[in-house]
Amino acid sequence: EYIWYAATVILTIALSFSLVRSEIDGYKENVASTSVPFVENPIEMVSWSLDDGILHIRGNGAMEDYNGIWMEKDAEEYDEGREYAPWADRMGEITKIVMSDGITDIGDNAFAGAVNLQEVEWSDSLQTIGARAFSNTGLEQISLPYSIETMEELAFDSCKDLKHVELPYRLVYLEAGTFMDCTALEDVIIRPYTS
């Protein structure tokens with residue numbers, strides 16, 4: 001009886017693994033064949049492309065956390081387990097970011113230093129904005145989607161042109177210093193739910 005039970009469990013696990021593996025492989029094949037300029041992260045299944053100043057972020061799940069482009073390898077904040085964002089050497093070209101639905105988390109330092117960034121189209125599934133994710137960008141106003149629950153430390157630090165901020169009513173966690181050194185900031189509005 002125990003042998004039959006063990007064999008059933010092993011067979012179930014093996015079949016489940018092969019189905020999941022084939023789905024992942026199918027996704028990889030689709031991403032690779034649809035567009036050459038896309039860069040795929042097979043763990044989070046997030047891809048990106050940059051065309052005429054517009055950075056497109058597509059996929060499902062959380063983005064990675066990155067080192068900031070200003071970080072030296074011997075700096076205290078530098079994390080040897082992290083890479084720089086794959087678009088780091090083109091950060092100054094970014095004027096707009098478009099995120100597809102399915103993106104749930106923006107990684108630490110993801111867009112920090114994009115000084116010419118003017119606009120972000122947010123994912124409706126976005127839940128978390130990582131530490132320093134938009135630090136030192138050119139944003140003048142932001143209106144975050146209702147899905148946002150968490151904003152990590154210094155998420156919009158040193159955005160010198162930022163004047164207007166709209167936050168969703170369901171925001172659960174707002175780290176101190178989120179808008180530190182945003183010297184032009186005029187108002188922060190908590191947007192109520194509207195159906």
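Just so it is clear, the model here is predicted, and its values are computed rather than measured. Hydrogens, waters and symmetry mates play no part in the numbers below; they use all other heavy atoms, side chains included. Throughout, residue positions are numbered sequentially from 1 according to the sequence presented.
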Next on the checklist: Nearest 0.5 Å, please: how far is CG in N67 from CZ in R132?
Outcome noted: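 Here the rounded value is 11.0 Å.
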
Next on the checklist: Between I129 and E152, is there a side-chain heavy-atom distance shorter than 4.5 Å?
Outcome noted: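 No. Closest side-chain heavy atoms not under 4.5 Å.
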
Checklist entry - How close do P168 and P145 get, heavy atom to heavy atom, and via which atoms? => result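 That would be CG-O, 3.3 Å.
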
Checklist entry - Rounded to the nearest 0.5 Å, how far apart are CG of L162 and OG1 of T137? => result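 It comes to 7.5 Å.
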
Checklist entry - Do I54 and V98 come close enough that some side-chain heavy atom pair is under 4.5 Å? => result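 They are in side-chain contact.
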
Item to check | Smallest separation among heavy atoms of L126 and W122, with atom names | outcome: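 Smallest interatomic distance, heavy atoms only, reads CD2-CE3, 3.6 Å.
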
Checklist entry - Under a 4.5 Å cut-off applied to non-hydrogen side-chain atoms, are F111 and V120 in contact? => result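 Side-chain contact under 4.5 Å: no.
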
Item to check | Rounded distance (nearest 0.5 Å) linking atom CE of M151 with atom CG of L144 | outcome: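 One finds 5.5 Å between CE of M151 and CG of L144.
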
Item to check | Test log, rule side chain to side chain contact (heavy atoms under 4.5 Å, CB included), inputs H56 and S47 | outcome: CA-CA 8 Å; H56 293 271; S47 62; over 6 Å; no

Next on the checklist: So does D108 get a backbone contact from the side chain of D65, meaning a donor-acceptor N/O pair under 3.5 Å?
Outcome noted: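 Yes, the answer is positive, given that a donor and an acceptor are paired below the 3.5 Å cut-off.
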
Checklist entry - For the residue pair F134 and F156, does the interplanar ring angle fall in the parallel (under 30°), tilted (30 to 60°) or perpendicular (over 60°) class? => result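 It falls in the parallel class, under 30°.
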
Item to check | Nearest-0.5 Å distance, CD1 of residue I97 to OG of residue S123 | outcome: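 Answer for the CD1-OG pair, I97 versus S123, is 13.0 Å.
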
Checklist entry - Do side-chain atoms of W87 reach the backbone of A110 as a donor and acceptor pair under 3.5 angstrom? => result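 Flag set: sc W87 to bb A110 pair under 3.5 Å.
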
Checklist entry - Taking atom CE of M180 and atom CG of L154, what is their separation to the nearest 0.5 Å? => result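 M180 CE to L154 CG: 5.5 Å, rounded to 0.5 Å.
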
Checklist entry - Hey, are the side chains of L167 and V188 touching, using non-hydrogen atoms and a 4.5 Å cut-off? => result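 With C-beta onward as the side chain, the pair touches.
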
Next on the checklist: For D157, is there any backbone N or O sitting under 3.5 Å from a side-chain donor or acceptor partner on S135?
Outcome noted: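 Answer holds: yes.
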
Next on the checklist: Taking R170 first and then E149, would you say they form a salt bridge - that is, a charged N and a carboxylate O separated by under 4.0 Å?
Outcome noted: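 E149 and R170: salt-bridged.
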
Checklist entry - C182 and S158: which non-hydrogen atoms are nearest, and at how many Å? => result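 The answer is SG-N, 4.2 Å.
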
Next on the checklist: Quick check on the 6.0 Å ring-centre criterion: do Y84 and Y66 meet it?
Outcome noted: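 Centroid distance Y84-Y66: not below 6.0 Å, so no.
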
Item to check | Contact check, side chains of T150 and I148, non-hydrogen atoms, under 4.5 Å | outcome: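 Heavy-atom side-chain distance check fails, nothing below 4.5 Å.
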
Checklist entry - Any chance CD of E83 has more than 12 other-residue heavy atoms, nucleotides or ligands included, within less than 6.0 Å? => result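 Atom CD in E83 is not crowded, with 12 or fewer foreign heavy atoms closer than 6.0 Å.
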
Checklist entry - Quick one: does S125's side chain have a donor or acceptor within less than 3.5 Å of a partner on I103's backbone? => result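 Yes, S125 side chain to I103 backbone: donor-acceptor pair under 3.5 Å.
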
Next on the checklist: What I want to find out is whether D187 reaches K163 closely enough, with some N-O distance under 4.0 Å, to be called a salt bridge.
Outcome noted: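 Between K163 and D187 there is no salt bridge, as every charged N stays at least 4.0 Å from the carboxylate O atoms.
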
Checklist entry - Going through the checks in order, is the salt bridge (Lys or Arg N to Asp or Glu O under 4.0 Å) test met by R82 and E64? => result CA-CA 8 Å; R82 296 180 180 179; E64 289 187 44; over 6 Å; no

Checklist entry - Is there side-chain contact between Y146 and L171, with at least one heavy-atom pair below 4.5 Å? => result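 No, too far: nothing below the 4.5 Å cut-off.
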
Checklist entry - Counting N and O atoms only, with roles assigned by atom type, does the side chain of S100 sit under 3.5 Å from a partner on the main chain of G59, one being a donor and the other an acceptor? => result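 A pair under 3.5 Å: yes.
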
Checklist entry - Checking T104 side chain against G61 main chain: does a donor-acceptor pair fall under 3.5 Å? => result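 Flag set: sc T104 to bb G61 pair under 3.5 Å.
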
Checklist entry - Is a salt bridge present between R191 and E166, judged by a nitrogen-to-oxygen distance below 4.0 Å? => result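 Judged by the 4.0 Å cut-off on N to carboxylate O distance, R191 and E166 do form a salt bridge.
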
Next on the checklist: So, taking the atom named NZ in K160 and the one named CG in L185, what distance separates them when rounded to the nearest 0.5 Å?
Outcome noted: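 Spacing of NZ (K160) from CG (L185) equals 12.0 Å.
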
Checklist entry - With a 4.5 Å limit on heavy-atom distance, are the side chains of E121 and K96 in contact? => result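 In short, these two side chains touch, coming nearer than 4.5 Å.
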
Next on the checklist: Looking at D124, is its backbone amide N or carbonyl O close enough to the side chain of S147 to form a donor-acceptor pair, meaning the two atoms are under 3.5 Å apart?
Outcome noted: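 Answer holds: yes.
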
Item to check | Validation row: I189, H164 side chains within 4.5 angstrom (heavy atoms) | outcome: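 No. Closest side-chain heavy atoms not under 4.5 Å.
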
Next on the checklist: With a sphere of 6.0 Å drawn around CD of Q141, does it hold more than 12 non-hydrogen atoms of other residues, nucleotides or ligands?
Outcome noted: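 No, because the 6.0 Å sphere around CD of Q141 holds 12 heavy atoms or fewer from other groups.
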
